[in-house]
Novice: 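Got a structure for you, questions after.
To find a chain, count down the sequence lines: A is the first, B the second, and so on, and within it residues start at 1.
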2 protein chains.
Amino acid sequence: MAKDGIDIIIDTESEENYYMQIRNQVIRQIAYGKLVPGQSLPSVRQLAESAGINMHTARKAYLLLKKEGYLRVDNRKGATVDVSFNESVDMDDLMNDVIMLCAKAGCKGVSLEKIHMMLDEAYKKQAGEGAD
Amino acid sequence: MAKDGIDIIIDTESEENYYMQIRNQVIRQIAYGKLVPGQSLPSVRQLAESAGINMHTARKAYLLLKKEGYLRVDNRKGATVDVSFNESVDMDDLMNDVIMLCAKAGCKGVSLEKIHMMLDEAYKKQAGEGAD
DNA sequence: CCTTTTGTTATATAATAAATATAACAAAAG
DNA sequence: CTTTTGTTATATTTATTATATAACAAAAGG
């Protein structure tokens, strides 16, 4: 395990943006308990170096995560995990995801039960990661 | 209702790409039964005009939907709804969506049960749209 | 106190992606 | 036979993404 920084791996072949890859990995690591509220994230320069990307790209990811309510980015203090909950914004976002997921599954003939099962499976793995 | 074309509305203020907005709306309309397998979609020129966008942007959406297995785009015949299912590709895609959904919910303190309920709600609306 | 690291801001540039604008042509439709 | 259509091609514009430097003041660490 990384002694200081978080484990962020950039797939240069992916069609997903670098800053989006970072964003998604951070969200997953918070959910998995690998990043806990209050914990400081590496400096943008550190993350940039360890991930092999530019400082501003790392910064962009942090600022997006702040906008979406996963990090606090204080003046002169850097980024720390601090999840906030905005009822209307966050529930709308989640519902949007659910609607698209449901639509995709519907089109592809994947049953509602199967999606429920996949959700349980994902949740189980998530909860299981807390204990290292 | 539109006598011929499908109802595609482009939100020029959205941060979502035009062709992604089209893609998502088409997927939802297939899931909702407003577009049925075999049905022809409007020509790229028609869609472009009714949606107030360029022909190539409409075309890009159709080609993406083809790549993702929602449309058939035959030579000289245009686009028709034809959903295909590729086990590994599609299930991976769905699982990826589920994992991110689950992670977001986990971070935001939204319970697994709540997500299950939202899923049921989305599915119910989807199934309910079939009967006009 | 001094050096280093840090967050931040600014600017510049390159590369890629998104969207539009025309044009042309052959096939299909009417 | 005219129109519409899918398709291909080219070109341009704008926006986004990613990188490259530089500078500065605050914070940290010695």
Novice: Output yes when at least one side-chain N/O atom of R59(A) is less than 4.0 Å from OP1 or OP2 of dA18(D), else no.
Specialist: no

Novice: Is the distance from OP1 or OP2 of dT17(D) to the nearest side-chain N or O of T57(A) less than 4.0 Å?
Specialist: no

Novice: Taking the minimum atom-to-atom distance to the side chain of Q46(B), which one of dT5(D), dT20(C), dT7(D) wins?
Specialist: dT5(D)

Novice: Using purine N1 to pyrimidine N3 plus N6-O4 or O6-N4 for Watson-Crick, or N1-O2 and O6-N3 for G-U wobble, each under 3.5 Å, what pairs with dA17(C)?
Specialist: dT14(D)

Novice: Between R23(A) and E68(A), does any side-chain N to carboxylate O distance fall below 4.0 Å?
Specialist: yes

Novice: For the pair made of OH in Y18(B) and P in dT13(D), what is the distance, rounded to whole Å?
Specialist: 18 Å

Novice: Hey, are K125(B) and E121(B) close enough for a salt bridge, meaning a charged N less than 4.0 Å from a carboxylate O?
Specialist: yes

Novice: Check this one for me: any side-chain N or O of S43(A) less than 4.0 Å away from OP1 or OP2 of dT6(C)?
Specialist: yes

Novice: Could you tell me the separation between the CD1 atom of I22(B) and the C1' atom of dT20(C), rounded to a whole number of Å?
Specialist: 13 Å

Novice: dT7(D) C1' sits how many Å from Y62(B) OH, rounded?
Specialist: 15 Å

Novice: Rounded to whole angstrom units, what separation is found between the CG atom of L63(A) and the P atom of dA18(D)?
Specialist: 14 Å

Novice: Is it the case that more than 12 heavy atoms not belonging to Y123(A) sit under 6.0 Å from its OH atom?
Specialist: no

Novice: Please report the distance, rounded to the nearest Å, between CD in E15(B) and P in dA18(C).
Specialist: 15 Å

Novice: Side chains of S88(A) and N86(A) only: does a donor on one sit below 3.5 Å from an acceptor on the other?
Specialist: yes

Novice: Pairing check on dA28(C): which nucleotide meets the Watson-Crick or G-U wobble criteria with it, both distances under 3.5 Å?
Specialist: dT3(D)

Novice: Output the single nucleotide from dA18(D), dT20(C), dG6(D) whose closest atom is nearest the side chain of N17(A).
Specialist: dA18(D)

Novice: When you measure from the side chain of I53(B), which nucleotide among dT20(C), dT19(D), dG6(D) comes out closest?
Specialist: dT20(C)

Novice: Closest approach to the side chain of K60(A), judged atom by atom: which nucleotide of dT17(D), dT8(C), dT7(D) is it?
Specialist: dT17(D)

Novice: Rounded to the nearest Å, what distance is computed from the CG atom of residue L41(A) to the P atom of nucleotide dG7(C)?
Specialist: 10 Å

Novice: Decide if atom CE of M117(A) counts as having more than 12 heavy atoms of other residues, nucleotides or ligands within a radius under 6.0 Å.
Specialist: no

Novice: Taking atom SG of C107(B) and atom CD1 of I27(A), what is their separation to the nearest 0.5 Å?
Specialist: 6.0 Å

Novice: Taking the six-membered ring of Y70(B) as reference, does the NZ or CZ atom of K104(A) fall below 6.0 Å from its centre and within a 45° cone about the axis?
Specialist: no

Novice: Taking the minimum atom-to-atom distance to the side chain of V44(A), which one of dA18(D), dT8(C), dG6(D) wins?
Specialist: dT8(C)

Novice: Just N and O in the side chain of Y19(A): are any of them under 4.0 Å from OP1 or OP2 of dA18(D)?
Specialist: no

Novice: Detail all sub-3.5 Å separations between protein N/O atoms and N/O atoms belonging to nucleotides 22-25 of chain C.
Specialist:
| unit_1 | atom_1 | unit_2 | atom_2 | d |
| --- | --- | --- | --- | --- |
| dT22(C) | O4 | H56(B) | NE2 | 3.2 |
| dA24(C) | N6 | R45(B) | NH2 | 3.3 |

Novice: Ignoring hydrogens and angles, state whether a donor on the side chain of N24(A) or E16(A) is under 3.5 Å from an acceptor on the partner side chain.
Specialist: yes

Novice: Whole Å only: how far is the CD atom of Q21(A) from the C1' atom of dT17(D)?
Specialist: 13 Å

Novice: Given atom CG of D74(A) and atom C1' of dT8(C), what is their separation to the nearest angstrom?
Specialist: 13 Å

